[in-house]
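Here is the structure we will look at, set down as structure tokens.
Each ligand, and each atom within it, is numbered from 1 in the order the structure gives.
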Amino acid sequence: MKSGGQTVLRPAPIDAARPLAADAMAGLTAKPKRLAPKYFYDAAGATLFDQITRLPEYYPTRSELALLRANAPALASLFPPGCALVEFGGGSSRKARILLGAAATVEAYVPIDISREFLQQDAAQLRRDLPRLAVHPIVGDFTQLPNLPEAVAATPRVGFFPGSTIGNLEPHEACEFLRRAAAMLGPGSLFAIGVDLVKAPDILYRAYNDAEGVTAKFNLNVLARLNRELGADFDLAAFEHHAFYNAERSRIEMHLASTRRQKVRLCGATIEFRAGETIHTENSYKYSIESFQALAQGGGWSPLTVFSDGLFSVHVLRFAQG
Ligand code: AVI
């Protein structure tokens with residue numbers, strides 16, 4: 001729009017039904033301020049996260065890939081013949097491919113992810129690479145556990161939830177997710193879950209405070225996203241990335257700290273910040289083998305076996321209840 005010869009940029013229209021606008025307003029007017037970690041993952045955030053997974057300090061992805069590669073035959077030997085592998089929120093089939101390569105009897109792969117375009121591209125490539133495999137992508141929020149496709153209604157299922165994304169849920173939410181996943185996957189099903197382990201705080205600290213500052217950019221991108229999508233006016237230079245290990249809660253906490261007293265416009269409202277006030281953007285819970293098995297049992301799953309390198313763990317659970 002032009003005004004007095006100058007281009008006036010209007011913020012994107014606010015649709016109150018959009019979860020981002022509603023959640024951002026609720027979170028930034030709450031005390032303490034917070035934003036849900038799922039909002040990290042727009043296109044820019046997904047690219048930054050991909051960079052994080054390759055950082056020397058961020059061991060979880062490397063550890064999990066090595067564990068899956070080393071133990072793929074053992075894992076595959078547990079799968080029921082002719083089963084469907086159902087992956088929750090993987091983003092890409094990179095890790096599932098390790099299992100699919102070792103388990104020739106898997107008949108179908110059902111990835112559930114929010115990004116339609118990404119899912120479709122990945123599914124097309126997988127169909128080319130493994131023509132024997134039926135691929136049934138589901139576009140949706142994996143935490144909402146959408147219905148499985150008719151094609152796998154009578155097929156035994158193996159759930160797959162890599163990446164320690166379960167650690168980004170509060171323990172009570174993780175337990176509830178496991179309970180609902182059991183109902184979705186059905187009696188007799190297996191569930192392979194990647195879980196980051198409690199370890200020396202300095203290793204954890206470095207994994208979330210990398211020398212290159214990629215995790216800081218990833219954290220700050222959520223404010224850039226509010227500027228891009230909701231027309232907010234966050235000054236990114238006036239916020240700092242803070243990540244630390246909260247030993248009492250066994251979790252890494254990520255925050256964005258305001259470096260000064262300031263006001264920010266968001267969805268027609270003014271959000272005030274004190275100097276040093278933070279927005280809590282993520283928790284990443286770390287479990288011991290035993291504490292995760294106890295959580296899984298609370299969610300209705302029996303521990304079957306676990307693979308670990310001391311840094312990371314891949315649990316295999318069974319839902320035995322009829
Ligand atoms: C996706 N999730 C398991 C990552 C984690 O380690 O909690 C997200 C992340 N946040 C900062 N670095 C990586």
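Looking at atom 4 (C) of ligand 1, its nearest protein heavy atom turns out to be Tyr58 OH, 3.4 Å. In terms of protein heavy-atom proximity, atom 10 (N) of ligand 1 is closest to Glu282 OE1, 2.7 Å. In this structure, atom 7 (O) of ligand 1 lies nearest to the protein heavy atom Ser284 OG, 2.6 Å. Of the protein's non-hydrogen atoms, the one nearest atom 2 (N) of ligand 1 is Asn168 OD1, 2.8 Å.
With hydrophobic clusters built from ILVMFWY side chains whose heavy atoms lie under 4.5 angstrom apart, Ile114 does not share a cluster with Val110.
Near Tyr41, meaning under 4.0 Å from any of its heavy atoms, are these atoms of ligand 1: 1 (C), 8 (C). Set against the non-hydrogen atoms of Phe218, the atoms of ligand 1 under 4.0 Å away are 10 (N), 11 (C). Here is the list of ligand 1 atoms found below 4.0 Å of a heavy atom in Gly163: 3 (C).
Among the atoms of Thr215, none of the N or O lies under 3.5 angstrom from an N or O of ligand 1.
At a 4.0 Å cut-off, not a single heavy atom of Tyr285 sits close enough to ligand 1 to count as contact. Contact analysis puts Ser164 in contact with ligand 1, with a non-hydrogen atom separation below 4.0 angstrom.
A salt bridge links Asp50 and Arg54; the closest N-O separation between the charged side-chain nitrogens and carboxylate oxygens is under 4.0 Å. The existence of a salt bridge linking Asp113 and Arg116 is excluded, since no basic side-chain nitrogen approaches an acidic carboxylate oxygen closer than 4.0 Å.
Because its NZ or CZ atom is both nearer than 6.0 Å to the ring centre of Phe273 and within 45° of the ring axis, Lys33 counts as a cation-pi partner of that residue.
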For Asn283 and Leu169: C-alpha separation, side-chain torsions, deciding distance, then whether side chain to side chain contact (heavy atoms under 4.5 Å, CB included) applies. CA-CA 8 Å; Asn283 287 323; Leu169 302 177; over 6 Å; no
Given Tyr58 and Asp210, is the side-chain hydrogen bond (donor to acceptor under 3.5 Å, both in side chains) satisfied, shown in steps? CA-CA 8 Å; Tyr58 193 77; Asp210 62 279; over 6 Å; no
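Between the side chain of Ser313 and the backbone N or O of His315, no donor-acceptor pair lies under 3.5 Å.
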